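Below: one structure, written as structure tokens.
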There are 2 protein chains.
Amino acid sequence: MNTRFAVATHILTFLQSQEGSPASSELIASSVNTNPTLIRRLLSQLAKAGLTTAQMGSGGGALLARPGTSITLLDVHRAIDEGHVIFPLHQQPNPQCPVGRNINKVLHGRIAAVEQAMERELARTTIADLATDISAINSAA
Amino acid sequence: MNTRFAVATHILTFLQSQEGSPASSELIASSVNTNPTLIRRLLSQLAKAGLTTAQMGSGGGALLARPGTSITLLDVHRAIDEGHVIFPLHQQPNPQCPVGRNINKVLHGRIAAVEQAMERELARTTIADLATDISAINSAA
DNA sequence: ATCGTCTGTTACAGGAATGGTTACATATGA
DNA sequence: TCATATGTAACCATTCCTGTAACAGACGAT
């Protein structure tokens, strides 16, 4: 089970709720309930994608690189699952067979439409949305 | 890389193009370019989902259990990736943390919308559509 | 009735991905 | 200078996927 997308989203939502003060990988790890190295690995990918920055040294930690209102779940998906295809095609079907020769060509178009629908929906939610939902739950309780 | 969805779709499209004559796992395997056991494993799942049937014994093989016009890619996805969540949540975030306590509740709703969008799109393509596209390419060539 | 064919299923091995752990060089604030 | 924290690498256990081999059971052909 690959939970990196969920954990990365958790990290970003956590940073959003910190309102600008840096969070150490150990603090984040305690919220996610995992170990700091895994958090740093994901933060490294998020930083490469331009979603977070890091402040090294004492009192340092991770920060959002831009407002949570401008970071969507699609951004997270692209940063974390880069190159991870949801519905991969199989390699080298038999070119001698009328079906095998063309199946990938035909399937590719249909799958592309599916992934586009998925991405459109991912793009509709921002990190700020999630943080807002959470704080609404917490202030209601 | 998990290509089971693509291979299962290939199998069903192959059966559709057979127009009712049974296909052995070995014949299908040669079209997919893999081994018969993998084909039989997938056929077993497709049969459990009611998409194919099997005719045992000499001259036997796999058959579509219902018209290809009524089998969608969503049916294939459900038969093959049953229980395989696209965006799984992470287990047991810290309940002491305001974010950790609620992140999964909030994320779940957003992810459900994404998967529904994906499923709607998968449901729009049938096995018969794929077979039609392929025969169009072959007769054009 | 026997034989060959084909399915359905199991077992096992190799390879890849995931996640947990440890370690360490580097950067930075105090 | 020192404690803190990042960034990254190495290693291990676990799990999933795929290929391979094996075998009992079903069924058509002869």
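Quantities reported herein were computed from a predicted structural model and do not represent experimental measurements. Just so it is clear: chains get the letters A, B, ... in the order the sequence lines come, proteins before strands, and each one is counted from 1.
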Value in whole Å for how far the [atom2] atom of [N] lies from [atom1] of [X]:
X	N	atom1	atom2	result
A/Q91	D/dC17	CD	P	17 Å
B/Q45	C/dT10	CD	P	12 Å
A/L43	C/dG19	CG	C1'	16 Å
B/I39	D/dC17	CD1	P	16 Å
B/N2	D/dT15	CG	P	18 Å
A/Q92	D/dT18	CD	P	14 Å
A/L42	D/dG7	CG	P	12 Å
A/K48	D/dG7	NZ	C1'	9 Å

Task: Heavy-atom donor-acceptor pair, A/N102 side chain to A/K105 backbone, under 3.5 Å - done: no

- [ ] Indicate yes or no for a side-chain donor-acceptor contact from A/N2 to the backbone of B/P88 under 3.5 Å, with no hydrogens or angles considered.
- [x] no

- [ ] For DNA chain C, find the residues of residues 23-31 of chain B with a heavy-atom distance under 4.0 Å and give them by number; none if there aren't any.
- [x] B/A23, B/S24, B/S25

Task: Of residues 75-84 of chain B, the positions that come close to DNA chain D - non-hydrogen atoms, cut-off under 4.0 Å - done: none

Task: Residues within residues 6-18 of chain A bordering DNA chain D, heavy-atom distance below 4.0 Å - done: none

Task: Matching residue for B/S25 among B/L38, B/I39, B/T37 - test: side chain to side chain contact (heavy atoms under 4.5 Å, CB included) - done: B/I39

TODO: State whether the number of non-hydrogen atoms from other residues, nucleotides or ligands found under 6.0 Å of B/Q91 atom CD is greater than 12.
DONE: no

Taking side chain as C-beta onward, heavy atoms only, is [X] less than 4.5 Å from [Y]?
X	Y	value
A/V114	B/R124	no
A/P93	B/N33	no
A/L51	A/L64	no

- [ ] Taking side-chain hydrogen bond (donor to acceptor under 3.5 Å, both in side chains) as the test, write out the residues that go with A/S31, two or more places apart.
- [x] A/H10

Open item on the list: List the residues meeting ring-ring contact (aromatic ring centres under 6.0 Å, His included) with A/F5, not counting sequence neighbours, and say none if there are none.
Closed with: B/F87

Nearest atoms (heavy-atom pairs only) where [X] meets [Y]:
X	Y	value
A/V99	B/I134	O-CD1, 4.1 Å
A/L15	A/A23	CD2-CB, 3.8 Å
B/G50	B/R66	O-NH1, 4.0 Å

Task: B/H77, B/H84, B/R78 screened by side-chain hydrogen bond (donor to acceptor under 3.5 Å, both in side chains) with B/D81, the one that passes - done: B/H77

- [ ] Using only side-chain N and O atoms of B/S44, determine if any of them is under 4.0 Å from OP1 or OP2 of C/dT7.
- [x] no

Task: Per-nucleotide protein contact string for nucleotides 20-30 of chain D (B base, S sugar-phosphate only, - none; heavy atom under 4.0 Å) - done: BBB--BBBS--

Open item on the list: Looking at B/R110 and A/D133, is any side-chain nitrogen of the basic one under 4.0 Å from a carboxylate oxygen of the acidic one?
Closed with: yes

